[in-house]
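Heavy-atom basis, side chains included; hydrogens, waters and symmetry copies ignored. So that the names make sense, note that chain A is the first sequence line, chain B the second, and so on, each numbered from 1.
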Amino acid sequence: MSDRYRHAEIEPKWQAAWDEQGLYDTAEIPGKPKWYALTMLPYTSGDLHTGHWYAMTPSDAAARFRRMSGFNVFFPIGFDAFGLPAENAAIQNNVHPQEWTYDNVERMQGQLRRMGAMWAWDREAVSCDPEYYKWSQWFFLRLYEMGLAYREFAPVDWCPKCNTTLAREQVWGEDRHCERCNTPVIKKDLNQWKFRITNYTEELLDDLDKIDWPEPVKIMQTNWIGRSDGAQVTFLTEEGDPIEIFTTRPDTLWGATFMVLAPEHPLVDKITTAEQRGAVDDCVEQAARLDEIARTAEDKEKTGVFTGGYAINPVNGERIPVWVADYVLMGYGTGAIMAVPGHDERDFEFAKKHELPIVLVVQPPPDSEAGHVRSADDLESAWPGDGVMINSGPINGAAVGKEEGQSVKAAIAWLEENDKGTGAVNYRLRDWLISRQRMWGTPIPMIHCASCGTVPVPYADLPVRLPDDAQFKPTGESPLNYHEGFRYVKCPQCGGGAERETDTMDTFMCSSWYQYAYVDPYHKAGQPLAANDMPWDSGRGSYWLPVDQYTGGIEHATMHLLYTRFFTKALRDMGVVDFDEPMLRLFNQGIILGPDGERMSKSRGNVVNPDDYVDRYGADTVRGYLMFIGPWEHGGPWDPSAIEGVSRFLYRVWGVVLDAPSPNGSAASAAADDIRSLERKLHQTILKVSEDFGSFRFNTAIAAMMEFNNHLIRVKDAFTGPNAGDEQTAIWQESVRALLLMMAPVFPHISEELWQRLAAGAETASVHLQEWPQADPQKAKEDEITVVVQVNGRVRDKLMVAPNTASDDLETKALASNNVQRWTDGKQIRKVVVVPDKLVNIVIG
RNA sequence: GGGUCGGUGGCGGAAUGGCAGACGCAGCGGACUUAAAAUCCGCCGGGUUGAAACCCGUGUGGGUUCGAAUCCCACCCGACCUACCA
């Protein structure tokens with residue numbers, strides 16, 4: 001009666017059937033608990049690779065498990081559709097980026113369907129759709145009104161190959177290269193739009209405590225925000241110009257023997273004396289030319305030049321020289337530092353090289369490796385560590401430290417009393433630069449008018465559409481710049497001639513709010529917008545939001561995951577959402593590697609194409625194999641032969657379910673022990689699989705299902721099969737049904753097929769609409785358990801006993817064992833450790 | 001330089017204070033077959049061994065404990081992140 005398992009027939013069949021039934025359509029059901037499960041949206045690259053399968057199919061399994069566990073689950077999908085590759089393809093192939101993008105979307109939709117995931121296609125959103133980006137523009141205008149979007153003329157990171165500015169987060173590595181094309185970036189002075197993410201710095205730090213996110217992501221965000229506590233101190237030049245500095249060690253102010261300005265510091269020009277002018281100009285010019293590429297090279301010597309000018313140390317009136325050096329960065333703090341060579345390694349190196357004075361203001365503890373140091377002359381390197389303050393006037397004798405009563409607090413108190421400075425906090429986080437000088441992005445809805453200045457596009461005029469007829473030339477310049485119809489407009493305020501902003505938005509803008517777009521995509525399509533609109537249906541929003549479970553790679557820790565948190569806080573302040581955090585839980589999956597254990601890459605030739613394997617084994621097998629490799633968060637290598645194991649498992653399930661024990665079979669009736677052991681194994685498996693699915697441990701869940709299936713195969717012949725009403729038939733059928741239910745999240749097609757075949761013609765709802773099987777912990781309990789008997793920690797015997805056997809009994813039985821007596825004979829028993837239901841350890845000696 | 005995670009059979013991994021190696025891959029032996037594939041059965045860390053018993057074994061060295069892959073300290077190796085941050 002059983003035909004073979006043919007994935008190529010059943011998978012497309014069920015995908016079409018589910019589609020037709022609307023099995024995964026979205027419905028807000030008041031009163032039913034909701035679960036918003038989200039996996040990071042794919043970019044429209046045109047191909048769904050193994051990495052997508054690795055990220056998405058376990059997310060789908062987890063979502064399906066929630067659904068079967070009684071939640072109304074929303075698992076949407078969409079596309080991150082703006083970005084540079086579309087534009088490059090446009091230049092190369094002379095097609096509009098839109099055409100390229102939508103071709104890719106279509107292709108990827110097909111690939112996504114082949115996964116057999118429970119995508120809520122009815123809420124799909126594509127970020128390059130004008131009905132999508134009109135809301136990105138709407139958000140921009142609202143942020144502008146709130147003072148959270150602003151334009152600034154400032155030096156920015158510029159990628160000469162991509163011809164665009166980059167956010168700080170998109171500049172990577174020691175050589176500061178472009179995240180996308182690896183070209184080293186350069187600095188450019190440009191007018192740029194930014195979002196004031198720094199308004200939320202403290203909240204972004206504090207609210208990490210409110211969310212269930214992996215610790216590494218929290219640590220990375222914390223480090224990225226980079227809070228430092230210290231003091232802001234004002235030095236004055238001899239001419240009386242103030243130089244603000246930030247320091248985390250205000251207690252070492254008395255040891256400051258010189259100052260260093262960043263080459264870009266505004267005071268450099270003024271403070272430089274005539275005789276130093278040439279040298280300083282050279283230094284500044286060189287720094288500008290090298291930019292930060294060479295400046296950050298690791299072993300680079302600290303180069304710098306004396307300006308000829310002097311400043312007064314405000315704590316002791318000392319006259320100290322002011323230098324210019326490229327190791328001080330304009331982008332951090334105030335762009336100027338006080339140098340304390342005795343207690344800062346960089347300052348020490350610099351002082352040694354340029355023969356600047358060093359003063360010891362911290363006496364290192366006698367028992368430290370610098371215990372012998374009595375004066376600066378004894379120092380072989382800076383002493384940044386503990387000790388006691390010396391040569392420091394009012395704070396002499398204070399213990400070095402940041403705690404109450406220690407040196408740092410004492411110094412700040414003194415500075416504040418004497419009006420020389422204040423306690424201050426400094427952050428590494430910069431505002432988010434969102435301007436991109438590219439065409440394929442959301443146009444920034446702003447207009448530059450000669451008489452009115454920068455004027456926002458009125459809400460009712462949104463969206464500002466990208467032109468369909470833009471010309472793509474390999475000039476590197478945005479086509480929007482030379483598209484006259486786009487660029488030249490009337491000023492909305494005075495009606496005079498004006499120019500449209502031609503910068504577009506960073507694509508991280510689109511992904512900062514896509515989880516909201518999914519709830520009600522393209523809201524108010526075709527209708528004019530107003531400032532007091534809601535960007536989605538508020539009923540739908542309040543039902544689904546925020547996201548309950550987010551899954552994605554850790555590579556977005558300081559980019560997307562920080563931006564979307566900021567965005568949500570800004571949306572809260574504009575009254576659009578009423579919560580503080582967009583995603584309550586986050587899980588980071590690992591990276592799927594090539595068979596050689598290296599990252600998959602075309603150049604390495606180790607790319608595994610999932611489509612090939614889906615053709616050969618079916619989507620269920622590929623899904624199951626990806627989840628079986630190992631813990632999801634670890635990632636790991638794709639082993640082309642190991643997938644066989646999962647494939648065989650499915651064939652065996654097929655066989656054991658359909659070739660069930662037959663009433664005509666000649667086999668003897670199952671013994672009571674067999675029945676009881678199957679029932680026990682069933683409930684143990686349900687317990688294990690439920691627990692593992694709830695915590696994303698798919699590998700061990702699948703192993704448990706395999707074990708259970710192996711058990712079914714082993715005992716099958718002992719069961720005589722369907723005789724309505726008898727116990728063994730009931731347990732067997734319950735086992736098979738439960739196995740299919742447990743398999744459904746990971747293997748949605750085969751479990752549906754077998755579920756429907758078991759129903760044998762009866763009207764049966766999809767396996768995916770069934771309730772998750774419930775385990776009975778009583779039935780899962782063992783009748784007899786093995787208690788290990790150890791002598792001095794080494795296993796010497798095993799006892800088979802009933803659960804909860806009393807400790808005394810266990811001890812007696814253990815001591816009576818022949819195997820044990822062989823080891824204890826003639827020895828003194830010093831102690832017996834009994835752990836009920838586990839072991840007995842007899843300590844002799 | 002700083003931070004985080006990790007290191008267990010030939011391989012992916014399981015076990016997170018109590019029988020190390022579940023589950024699977026590969027390998028070996030057998031059944032079926034004219035043969036092969038598929039399938040099924042058995043073996044599968046090392047030493048020793050006919051077998052059992054025993055000994056060794058979770059990167060290295062120490063420690064805590066009746067008992068350590070698991071906890072603590074030091075070190076070695078690898079992956080990822082970050083980096084002149086004042």
Side-chain angles (χ1 to χ4, degrees), chain A residues 4 172-174 176 214-220 222-224 226-228 230 245-249 252 260 262 292 295-300 302 325-329 331-340 344-347 349-350 426-428 554-555 557-558 590-591 593 595 597 599 624-625 628-631 633-649 651-652 655 688 697 699-710 713 786-798 819 822 830-835 837-845:
Chain A
R4 265 172 75 82
W172 287 8
E174 278 175 30
R176 297 181 48 76
E215 214 49 43
V217 174
K218 292 187 179 184
I219 290 167
M220 283 165 77
T222 304
N223 291 341
W224 188 261
R227 180 186 160 120
S228 314
I245 61 114
F246 173 79
T247 177
T248 54
R249 291 295 303 275
T252 62
V260 187
E292 297 194 12
R295 282 172 69 176
T296 52
E298 194 167 349
D299 297 324
K300 188 172 165 296
K302 310 251 170 283
D326 56 9
Y327 80 92
V328 175
L329 305 174
Y332 183 79
T334 60
I337 62 159
M338 67 166 186
V340 183
D344 180 281
E345 200 47 58
R346 290 156 305 170
D347 297 343
E349 250 179 72
F350 195 83
N426 194 47
Y427 300 94
R428 212 182 81 112
I554 199 170
E555 66 272 17
T558 54
I591 299 168
L593 305 170
R599 238 174 228 267
Y625 172 61
F628 186 62
I629 290 176
E633 66 268 35
H634 288 178
W638 171 286
D639 180 343
S641 63
I643 192 172
E644 288 285 351
V646 176
S647 178
R648 283 174 202 153
F649 166 63
Y651 278 94
R652 284 187 202 132
K688 172 74 177 156
R697 291 194 300 252
N699 56 328
T700 48
I702 293 169
M705 290 189 255
M706 287 175 167
E707 262 188 78
F708 185 52
N709 190 48
N710 291 344
I713 291 169
T786 309
V787 169
V788 171
V789 183
Q790 299 179 333
V791 177
N792 280 358
R794 326 204 57 146
V795 179
R796 299 301 181 191
D797 200 5
K798 290 167 188 179
N819 287 342
R822 274 178 47 208
R830 298 216 295 205
K831 187 176 174 183
V832 179
V833 179
V834 181
V835 182
D837 290 355
K838 283 259 167 79
L839 60 58
V840 178
N841 189 12
I842 298 159
V843 186
I844 59 171

Distance between the [atom1] atoms of [N] and [M], in whole angstroms?
{"N": "B:G10", "M": "B:U16", "atom1": "P", "result": "23 Å"}
{"N": "B:G1", "M": "B:A69", "atom1": "C1'", "result": "32 Å"}
{"N": "B:G42", "M": "B:G24", "atom1": "P", "result": "12 Å"}
{"N": "B:G63", "M": "B:A15", "atom1": "C1'", "result": "24 Å"}
{"N": "B:C19", "M": "B:G45", "atom1": "C1'", "result": "16 Å"}
{"N": "B:G47", "M": "B:C40", "atom1": "C1'", "result": "34 Å"}
{"N": "B:C43", "M": "B:A36", "atom1": "C1'", "result": "24 Å"}
{"N": "B:A26", "M": "B:U65", "atom1": "P", "result": "47 Å"}

Shortest non-hydrogen separation from [X] to [Y] and the atoms involved:
{"X": "A:S228", "Y": "A:Y332", "answer": "OG-OH, 3.2 Å"}
{"X": "A:V260", "Y": "A:Y327", "answer": "CG2-OH, 3.8 Å"}
{"X": "A:M706", "Y": "A:G645", "answer": "CE-O, 4.1 Å"}
{"X": "A:G335", "Y": "A:V328", "answer": "O-CG1, 3.5 Å"}
{"X": "A:A262", "Y": "A:L329", "answer": "CB-C, 4.0 Å"}
{"X": "A:D344", "Y": "A:D347", "answer": "OD1-N, 3.0 Å"}

Nearest-nucleotide pick for [X], side chain only, options being [options]:
{"X": "A:M220", "options": "B:C81, B:C19, B:G3", "result": "B:C81"}
{"X": "A:P216", "options": "B:C84, B:A14, B:U4", "result": "B:U4"}
{"X": "A:I337", "options": "B:A83, B:A86, B:C81", "result": "B:A86"}
{"X": "A:I219", "options": "B:U4, B:A14, B:C23", "result": "B:U4"}
{"X": "A:S228", "options": "B:C84, B:A83, B:A86", "result": "B:A86"}
{"X": "A:Y332", "options": "B:A86, B:C19, B:A83", "result": "B:A86"}

Check: Taking everything shown except A:R830 itself, do over 12 heavy atoms lie less than 6.0 Å from its CZ?
Finding: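 Count not over threshold, so no.
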Taking atom [atom2] of [N] as reference, at what distance in whole Å does atom [atom1] of [X] sit?
{"X": "A:F628", "N": "B:C23", "atom1": "CZ", "atom2": "C1'", "result": "5 Å"}
{"X": "A:E644", "N": "B:A38", "atom1": "CD", "atom2": "C1'", "result": "10 Å"}
{"X": "A:K838", "N": "B:C19", "atom1": "NZ", "atom2": "P", "result": "8 Å"}
{"X": "A:I245", "N": "B:C85", "atom1": "CD1", "atom2": "C1'", "result": "14 Å"}
{"X": "A:D639", "N": "B:C11", "atom1": "CG", "atom2": "P", "result": "12 Å"}
{"X": "A:D326", "N": "B:A83", "atom1": "CG", "atom2": "C1'", "result": "16 Å"}
{"X": "A:R796", "N": "B:G18", "atom1": "CZ", "atom2": "P", "result": "20 Å"}
{"X": "A:Y625", "N": "B:G13", "atom1": "OH", "atom2": "C1'", "result": "11 Å"}

What is the nucleic acid contact for [X], judged by heavy atoms within less than 4.0 Å: base, sugar-phosphate only, or nothing?
{"X": "A:R822", "result": "sugar-phosphate"}
{"X": "A:R794", "result": "sugar-phosphate"}
{"X": "A:R652", "result": "sugar-phosphate"}
{"X": "A:T786", "result": "base"}

Checklist line | Side-chain N,O (A:R648) to OP1/OP2 (B:U39) below 4.0 Å | finding: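 So the side chain of A:R648 is within the cut-off, an N or O lying under 4.0 Å from OP1 or OP2 of B:U39.
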Check: Is there side-chain contact between A:N223 and A:M220, with at least one heavy-atom pair below 4.5 Å?
Finding: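 No, every pair of side-chain atoms sits at 4.5 Å or beyond.
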Next item on the list: Side-chain contact test, heavy atoms from C-beta onward, threshold under 4.5 Å: evaluate it for A:W638 versus A:I643 and give yes or no.
Entry: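 They are in side-chain contact.
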Checklist line | Identified stems (criterion: three or more consecutive Watson-Crick or G-U pairs, under 3.5 Å), RNA chain B | finding: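 Stem segments, range with range: B:1-7 with B:76-82, B:10-12 with B:23-25, B:27-31 with B:39-43, B:45-47 with B:54-56, B:59-63 with B:71-75.
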Checklist line | Sorted by number, the residues of residues 699-710 of chain A with heavy-atom contact under 4.0 Å to RNA chain B | finding: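 A:N699, A:T700, A:A703, A:M706, A:E707, A:N710 - these, ordered by number, are the residues of the stretch whose heavy atoms sit under 4.0 Å from the strand.
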Checklist line | Residue mapping more 5' on RNA chain B - nearest nucleotide basis, A:A336 or A:I591 | finding: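 This one resolves to A:I591.
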Next item on the list: Identify, between A:T248 and A:W224, the residue whose nearest nucleotide on RNA chain B lies closer to the 5' end.
Entry: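 Taking each residue's closest nucleotide, the earlier one in sequence belongs to A:W224.
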Taking only nitrogen or oxygen atoms into account, show me every contact under 3.5 Å that the protein makes with nucleotides 62-69 of chain B, one pair per line with its distance.
from  : atom 1 : to     : atom 2 : distance (Å)
B:C66 : OP1    : A:K831 : NZ     : 3.4
B:C66 : O2'    : A:N841 : ND2    : 3.2
B:C66 : O2     : A:N841 : ND2    : 2.5

Notebook entry, point to check: Backbone N or O of A:D639 within a donor-acceptor pair of the A:Y625 side chain at under 3.5 Å?
Noted result: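 Such a contact is found between A:Y625 side chain and A:D639 backbone.
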Output the distance between atom [atom1] ([X]) and atom [atom2] ([Y]), rounded to the nearest 0.5 Å.
{"X": "A:T786", "Y": "A:L839", "atom1": "OG1", "atom2": "CG", "value": "12.0 Å"}
{"X": "A:N710", "Y": "A:E707", "atom1": "CG", "atom2": "CD", "value": "7.5 Å"}
{"X": "A:T700", "Y": "A:M705", "atom1": "OG1", "atom2": "CE", "value": "9.5 Å"}

